[in-house]
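Report on the following structure.
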Amino acid sequence: MHSHIERILWSEDQISRRVFELAAEISDDFGGHSPAPVVVGVATGAFLFLADLVRKIDLSIAVDFVRVESYSSGTVSNGAPTISFDLKVDVNSRHVIVVEDIVDTGHTLSKVIEHLKSKGASSVSVCTFLDKPARRKVHFQLVGEGKYYRGFECPNYFVVGYGLDFAELYRNLPYIGVLKPELYK
Ligand code: 5GP
C-alpha cells in the first residue's frame, strides 16, 4: 500500500496538530450556542477526520452522517451528486457543521448544503480537511451565520489516505499522499 504513494503531503503528526487547531476554533466559535451544533459527516471519506475532530471538540454536539454519490468511477466527479443515505437527527432550527474530506469542484458540498437548508437548518458551516480551490466549478453558499473552516489547501493532485480513497482502497493510510498516476491512468 505505501509503495503506491509517490510522496506524502501531510504526515500523521501534521494532521493531528491541524485537527486540534480546527477543533479549538470550532469549540470557541460555537461555545455560546444552545443547543450545540449537529456535526454532519459526509460518508465515507470524512470518517477519519470526523472521528478525530469530534473527539477534540469541547461541546455537547450531536453527530450524524449523510452519504452522497458523486463519483461513478475513477478520479473525476460526474457533476450530479445525489443524497443516497439521509440524516437521522432532526436539524430543523439547529446549527449544522458539515464535515468533508475534500472540496474539489464543489458539487458535493453544494448538494449537501442545499439539502440541509431544505431541512430547516438555521445555519450551515463547513469544515473540510482539504480544499482544492483551483478546481472549483460551483460556488457554494453557506447558510445563515455559517463559517468555513479548512485544514489545508491541497495542490491539484489526486490524493489518498486519511479517509480518501481510490476505488475504495487507501482510506486507512494515516497520512495524505499523492497516488502514483500510473495506478489510475
Ligand atoms: P466535488 O463534488 O467537490 O468535486 O468532490 C468531492 C468529492 O470528490 C470528495 O468528497 C472526494 O470523495 C472526491 N475527491 C475529490 N478530489 C479528490 C482527491 O484528490 N482524492 C480523492 N481520493 N477523492 C477526491
Side-chain angles (χ1 to χ4, degrees), residues 1-12 14-15 18-19 22 39-54 63-87 96-118 124-143 146 148-185:
M1 186 166 66
H2 299 282
S3 64
H4 293 181
I5 301 303
E6 195 167 74
R7 69 190 172 98
I8 294 176
L9 294 182
W10 292 285
S11 69
E12 207 173 341
Q14 287 170 309
I15 291 172
R18 189 67 189 119
V19 170
L22 289 168
V39 175
V40 173
V42 182
T44 306
F47 82 110
L48 285 181
F49 178 43
L50 180 108
D52 287 346
L53 187 73
V54 295
V63 178
D64 204 349
F65 282 94
V66 287
R67 179 180 287 277
V68 183
E69 302 300 333
S70 57
Y71 269 54
S72 41
S73 63
T75 62
V76 182
S77 166
N78 66 21
T82 54
I83 306 284
S84 60
F85 182 86
D86 206 353
L87 295 169
V96 176
I97 304 171
V98 178
V99 175
E100 257 282 34
D101 53 357
I102 186 165
V103 183
D104 187 30
T105 63
H107 284 295
T108 306
L109 194 52
S110 302
K111 179 73 194 180
V112 173
I113 293 173
E114 179 197 300
H115 184 67
L116 293 164
K117 195 177 171 183
S118 77
V124 180
S125 299
V126 170
C127 181
T128 185
F129 181 63
L130 298 177
D131 188 359
K132 275 186 188 167
R135 301 236 326 144
R136 199 75 87 247
K137 292 214 168 64
V138 178
H139 180 72
F140 53 85
Q141 267 200 308
L142 303 171
V143 177
Y148 188 72
Y149 307 89
R150 74 167 172 205
F152 299 104
E153 182 172 330
C154 186
N156 195 7
Y157 299 114
F158 189 76
V159 295
V160 293
Y162 198 57
L164 288 137
D165 75 312
F166 174 66
E168 296 303 328
L169 300 176
Y170 310 106
R171 292 195 197 276
N172 58 325
L173 285 173
Y175 50 78
I176 294 281
V178 179
L179 190 61
K180 288 182 175 164
E182 61 265 32
L183 290 163
Y184 59 84
K185 279 192 174 140

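In each ligand, atom 1 is the first atom listed, and ligand 1 is the first ligand listed.
- Ligand 1 has an N or O atom lying under 3.5 Å from an N or O atom of Gly106, backbone or side chain.
- Heavy atoms from other residues, nucleotides or ligands lying under 6.0 Å from CD of Glu182 number more than 12.
- Taking the six-membered ring where the residue is Trp, the centroids of Tyr170 and His2 are separated by 6.0 Å or more.
- Proximity annotation for atom 24 (C) of ligand 1: of Ile102, Asp131, Leu130, Ile102 comes nearest, heavy atoms only.
- Taking the six-membered ring for Trp and the full ring otherwise, the centers of Phe129 and Phe152 sit less than 6.0 Å from each other.
- In this structure, Tyr175 has its ring center no closer than 6.0 Å to that of Tyr162.
- Against a heavy-atom cut-off of under 4.0 Å, Asp165 is close to the following atoms of ligand 1: 21 (C), 22 (N).
- Which parts of ligand 1 touch His107 is read off a 4.0 Å heavy-atom cut-off, strictly below it: atoms 2 (O), 3 (O).
- Taking 4.0 Å as the cut-off, Phe166 does not count as a neighbour of ligand 1 on heavy-atom distance.
- Among all heavy-atom pairs drawn from Val99 and Ala46, the shortest one is O-CB, 3.3 Å.
- Atoms of ligand 1 found under 4.0 Å from any heavy atom of Val159 (numbered from 1 in listed order, with element): 18 (C), 19 (O), 20 (N), 21 (C), 22 (N).
- Close approach of ligand 1 to Lys132 (heavy-atom distance below 4.0 Å) involves ligand atoms 16 (N), 17 (C), 18 (C), 19 (O).
- Neither the backbone nor the side chain of Arg135 has any atom closer than 4.0 Å to an atom of ligand 1 (non-hydrogen atoms only).
- Of all the atoms in ligand 1, the ones that sit under 4.0 Å from a non-hydrogen atom of Thr108 are 1 (P), 2 (O), 5 (O), 6 (C).
- Of all the atoms in ligand 1, the ones that sit under 4.0 Å from a non-hydrogen atom of Asp101 are 9 (C), 10 (O), 11 (C), 12 (O).
- Heavy-atom contacts of Tyr157 reach the following atoms of ligand 1: 19 (O) (cutoff under 4.0 Å).
- Within a 6.0 Å radius of CZ in Phe85, other residues, nucleotides and ligands contribute 12 heavy atoms or fewer.
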Criterion side chain to side chain donor-acceptor pair (under 3.5 Å) on Ser84 and Glu69, from CA distance to verdict: CA-CA 6 Å; Ser84 60; Glu69 302 300 333; 3.0 Å; yes
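- The Thr105 neighbourhood of ligand 1 comprises atoms 1 (P), 2 (O), 3 (O), 4 (O), with distances under 4.0 Å to a heavy atom of that residue.
- For the residue pair Thr44 and Arg67, a side-chain donor N or O sits within less than 3.5 Å of a side-chain acceptor on the partner.
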